[in-house]
S.K.: 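My questions will all concern the structure given below.
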Amino acid sequence: MSTKDGNPSPLTKVDSAVQGLSSNTAKDGAKRRASSSVPGVFRIEDLEAEGKELLIAKETQKLNWRINKSPMTLEDPEKGYLKKMLTEPPVKKIDLHFPLGLEVSARNLKGVTVKDALDAIYKQFRKKADDELETPVLAGFEWDKEESWTRLIVHCKKEGAPQPKKKSKKAGTEGEEL
């Protein structure tokens with residue numbers, strides 16, 4: 001770099017990361033952003049303070065989902081339930097408590113969905129074989145405000161309801177005769 005008269009211009013060191021910032025904004029404003037809060041999604045502690053009741057999505061009882069299989073293995077119509085909010089009103093985080101003492105947390109800043117809850121459960125049990133689990137099928141969730149306002153109790157059962165049989169394309173095959 002040189003000026004018009006041929007003399008080199010003095011170089012100045014510029015740190016683009018801090019240029020233009022006043023010195024007090026770097027450390028003093030170390031608050032968490034509030035932009036990640038979504039309107040209509042609550043902290044479970046706030047609902048407890050207000051005394052607001054939780055309603056759990058009834059569809060969780062119809063899933064017949066094995067807790068050691070990925071929630072993405074569900075087929076329609078059950079797969080459609082995954083996008084549904086787990087609770088009404090929606091919460092950012094909820095603890096899921098198993099009767100034997102295990103507790104997992106499902107989190108989603110936009111509101112915990114059924115899939116978020118199933119993912120949290122699956123993460124704990126994905127390495128277990130079917131015969132290692134005494135009750136491998138999700139029966140549903142229960143909210144007992146007397147025991148704990150901030151968590152749901154997870155209920156499991158031994159076997160799921162039989163899946164509806166899909167009709168075969170060939171009518172009158174030997175499998176359909178009685």
Side-chain angles (χ1 to χ4, degrees), residues 25-130 132-164 166:
T25 58
K27 293 264 186 215
D28 296 341
K31 291 183 181 176
R32 292 189 78 124
R33 292 186 327 190
S35 63
S36 59
S37 63
V38 176
V41 179
F42 302 92
R43 290 179 56 234
I44 189 98
E45 295 84 5
D46 296 343
L47 294 177
E48 182 178 14
E50 293 172 23
K52 253 190 188 165
E53 303 261 327
L54 284 179
L55 295 172
I56 303 170
K58 289 184 176 24
E59 289 83 359
T60 59
Q61 298 168 10
K62 304 173 191 170
L63 292 175
N64 285 320
W65 171 69
R66 299 185 89 74
I67 60 176
N68 60 345
K69 302 280 184 258
S70 169
M72 297 314 290
T73 60
L74 288 172
E75 294 182 11
D76 287 327
E78 289 86 5
K79 197 169 197 167
Y81 301 148
L82 295 178
K83 294 182 179 126
K84 197 166 171 33
M85 289 294 162
L86 179 65
T87 61
E88 188 57 47
V91 293
K92 294 179 183 182
K93 173 186 171 250
I94 191 138
D95 294 326
L96 305 171
H97 178 77
F98 287 83
L100 294 175
L102 177 70
E103 194 159 304
V104 296
S105 293
R107 295 181 184 90
N108 186 338
L109 292 176
K110 295 181 178 135
V112 174
T113 63
V114 172
K115 182 182 185 313
D116 297 323
L118 299 187
D119 283 341
I121 294 168
Y122 170 62
K123 193 173 181 182
Q124 287 296 317
F125 293 103
R126 66 180 170 209
K127 291 189 170 100
K128 301 263 187 206
D130 284 350
E132 290 181 70
L133 297 168
E134 204 172 299
T135 52
V137 179
L138 180 73
F141 299 99
E142 174 192 0
W143 180 60
D144 186 0
K145 65 181 176 187
E146 276 77 39
E147 186 179 320
S148 174
W149 196 286
T150 60
R151 70 183 183 196
L152 300 179
I153 300 165
V154 181
H155 291 287
C156 292
K157 54 189 177 182
K158 285 199 182 299
E159 282 302 318
Q163 293 293 327
K166 291 185 179 171

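Index from 1, following the sequence.
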S.K.: Go through the steps for Leu133 and Ile67 under the test side-chain contact (heavy atoms from CB on, under 4.5 Å), then give the verdict.
M.R.: CA-CA 9 Å; Leu133 297 168; Ile67 60 176; 4.0 Å; yes
S.K.: When rounded to the nearest 0.5 angstrom, what distance separates CG in Leu102 from NE2 in His97?
M.R.: 8.5 Å
S.K.: Closest heavy-atom contact between Val137 and Arg66?
M.R.: CG2-NH1, 3.7 Å
S.K.: Kindly compute the distance separating CD1 (Ile94) from CG (Asn108), expressed to the nearest 0.5 Å.
M.R.: 13.0 Å
S.K.: Does any N or O in the side chain of Trp143 come within less than 3.5 Å of the main-chain N or O of Trp149, such that one atom is a donor and the other an acceptor?
M.R.: yes
S.K.: Identify the two heavy atoms, one from Ala106 and one from Asp116, that lie closest to each other, and give their separation to 0.1 Å.
M.R.: CB-O, 3.9 Å
S.K.: For a quick test of reading the model, state the closest non-hydrogen atom pair linking Tyr122 to Ser70 and the distance between them.
M.R.: CE1-N, 3.4 Å
S.K.: Are any of the side-chain nitrogens in Lys123 or Asp119 under 4.0 Å away from the carboxylate oxygens of its partner?
M.R.: no
S.K.: To the closest 0.5 Å, what do you measure between CG (Leu118) and CG (Leu138)?
M.R.: 6.5 Å
S.K.: Roughly how far, to the nearest 0.5 Å, is the CZ atom of Phe125 from the SG atom of Cys156?
M.R.: 7.0 Å
S.K.: How close do Val41 and Val91 get, heavy atom to heavy atom, and via which atoms?
M.R.: CG1-C, 3.8 Å
S.K.: Working to the nearest 0.5 Å, report the span between CG of Leu54 and CZ of Phe42.
M.R.: 11.0 Å
S.K.: Could Lys145 and Glu53 be called an ion pair, given the rule that one side-chain N must be under 4.0 Å from one carboxylate O?
M.R.: yes
S.K.: Counting heavy atoms not belonging to Glu132, are there more than 12 under 6.0 Å from its CD?
M.R.: yes
S.K.: Give me the atom names and distance for the closest heavy-atom approach of Asn64 to Lys157.
M.R.: OD1-NZ, 3.4 Å
S.K.: Under a 3.5 Å distance rule, please check whether Glu50 uses its side chain to pair with a backbone N or O of Leu47 as donor and acceptor.
M.R.: no
S.K.: Report yes or no: does Asn68 contribute a side-chain atom to a donor-acceptor pair with the main-chain N or O of Lys128 at less than 3.5 Å?
M.R.: yes
S.K.: Would you give the length of the straight line joining atom NZ of Lys93 to atom CZ of Arg151, rounded to the nearest 0.5 angstrom?
M.R.: 11.5 Å
S.K.: Considering non-hydrogen atoms only, spot the tightest contact between Met72 and Leu82 and give its length.
M.R.: SD-CD1, 4.3 Å
